[in-house]
Amino acid sequence: MRGKGAMPLSVEQGLELFDAACRGTDAAPVASPLDVRALAAAGAVPPVLRGLVPAAPVRRVAGTGDGGAGLRRRLAELSAGEQGQLVVDLVRGQVASVLRHADARSVDAARTFQEIGFDSLTAVDLRNRLTAATGVRLAATAIFDYPTPAALGAHLLAQVAPEAADPVEVRLRELDKIASVISAMAEDATLRERLSPRMESIVAMWTDMQRPAQDEGAGQDLESASLEDMFGIIDQELDGS
């Protein structure tokens, strides 16, 4: 119970709170001490208690609050698979903010919004946040039309995603960034010495990846060679020895 924010009551405390409830004028008082920090850390906070729990800081996601301009720029640099992951992460981040979760990682993209703890009010809040982040106008019923963060993310992606970037171009841009970092090391001999073994291992790994294709090409050449070609190869080998 402590992990959910409820704190134990002694007999004396219980009787004192009961007497206070009887003297009060509230229709349905609840006499229970709460640990609001534990309640916030427990995950989805019940709607009736959300006013007692301070909003947890949530990491901002690229594109938030700018009508989707930043999001579209990010998407244009990504492959199709990376685009989908970025938008689902954006949805999870906004879900975490609405439900006062400390981190978007606590939001399961495969669970329905109702299972996570959404109601009609939080649905509207999420809709407004996602519209601001993506520039896509969503219906108030979006969480029912697309019942999981993954499904809603796929819908948003279909509305905002540019054509997926060429995977080769994406990797070439990444290599260009690495090249610029290496260039900046020109004056630091100590850093170059420490990184050289790693760079050499990367080059060796790339060379090994190319070798099977080269070996396969050589094998195909031998398979298509005529008998005369084969004798010519043998003669060259004997002459060389």
Side-chain angles (χ1 to χ4, degrees), residues 59-64 68-96 103-111 133-134 148-241:
R59 180 174 59 85
R60 290 175 63 85
V61 181
T64 299
L71 175 63
R72 286 175 171 81
R73 286 194 298 271
R74 287 286 309 280
L75 290 171
E77 299 175 352
L78 301 176
S79 64
E82 292 167 332
Q83 288 177 350
Q85 187 61 56
L86 178 66
V87 177
V88 171
D89 285 346
L90 185 149
V91 174
R92 292 172 66 206
Q94 296 302 333
V95 168
D103 197 297
R105 289 174 296 183
S106 63
V107 177
D108 186 346
R111 294 185 66 194
T134 65
T148 67
L152 184 53
H155 170 68
L156 289 170
L157 180 62
Q159 306 302 311
V160 301
E163 185 177 349
D166 181 353
V168 175
E169 290 298 324
V170 171
R171 300 300 177 248
L172 286 175
R173 283 197 293 268
E174 292 173 353
L175 288 175
D176 287 341
K177 293 177 184 178
I178 294 172
S180 66
V181 171
I182 293 173
S183 178
M185 301 175 190
E187 304 301 326
D188 194 333
T190 301
L191 186 57
R192 292 201 312 273
E193 182 178 355
R194 292 182 60 187
L195 293 180
S196 287
R198 178 59 175 156
M199 296 294 296
E200 290 170 358
S201 69
I202 292 173
V203 172
M205 178 178 63
W206 178 255
T207 302
D208 289 342
M209 289 170 60
Q210 302 306 306
R211 186 169 293 120
Q214 295 171 354
D215 293 344
E216 181 182 351
Q220 290 175 348
D221 289 342
L222 289 175
E223 290 176 3
S224 61
S226 65
L227 187 60
E228 183 178 349
D229 292 333
M230 294 295 293
F231 279 122
I233 294 172
I234 294 171
D235 288 341
Q236 289 177 4
E237 292 294 327
L238 291 176
D239 290 343
S241 62

Looking only at heavy atoms, what is the nearest atom pair of [X] and [Y], with distance?
{"X": "Ala104", "Y": "Ala96", "result": "CA-CB, 3.8 Å"}
{"X": "Pro149", "Y": "Ala109", "result": "CD-O, 3.4 Å"}
{"X": "Gly153", "Y": "Val88", "result": "CA-CG2, 4.3 Å"}

For the residue pair Arg92 and Arg105, establish whether any side-chain heavy-atom pair is separated by less than 4.5 Å. yes
Counting C-beta onward and ignoring hydrogens, is there a side-chain heavy-atom pair between Leu157 and Leu86 closer than 4.5 Å? no
Expected output: side-chain [X] to main-chain [Y] donor-acceptor under 3.5 Å:
{"X": "Arg72", "Y": "Thr134", "result": "yes"}
{"X": "Asp188", "Y": "Leu191", "result": "yes"}
{"X": "Gln85", "Y": "Glu82", "result": "no"}

The salt bridge (Lys or Arg N to Asp or Glu O under 4.0 Å) partners of Arg194 (sequence neighbours excluded) come to none
Separation between CZ (Arg73) and CG (Leu78), nearest 0.5 Å, reads 13.0 Å
Drop me the distance from Leu71's CG to Gln83's CD, to the nearest 0.5 angstrom. 9.5 Å
Residue list, side-chain hydrogen bond (donor to acceptor under 3.5 Å, both in side chains) with Arg111, at least two apart or on another chain: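 Checked Arg111 against side-chain hydrogen bond (donor to acceptor under 3.5 Å, both in side chains); zero matches.
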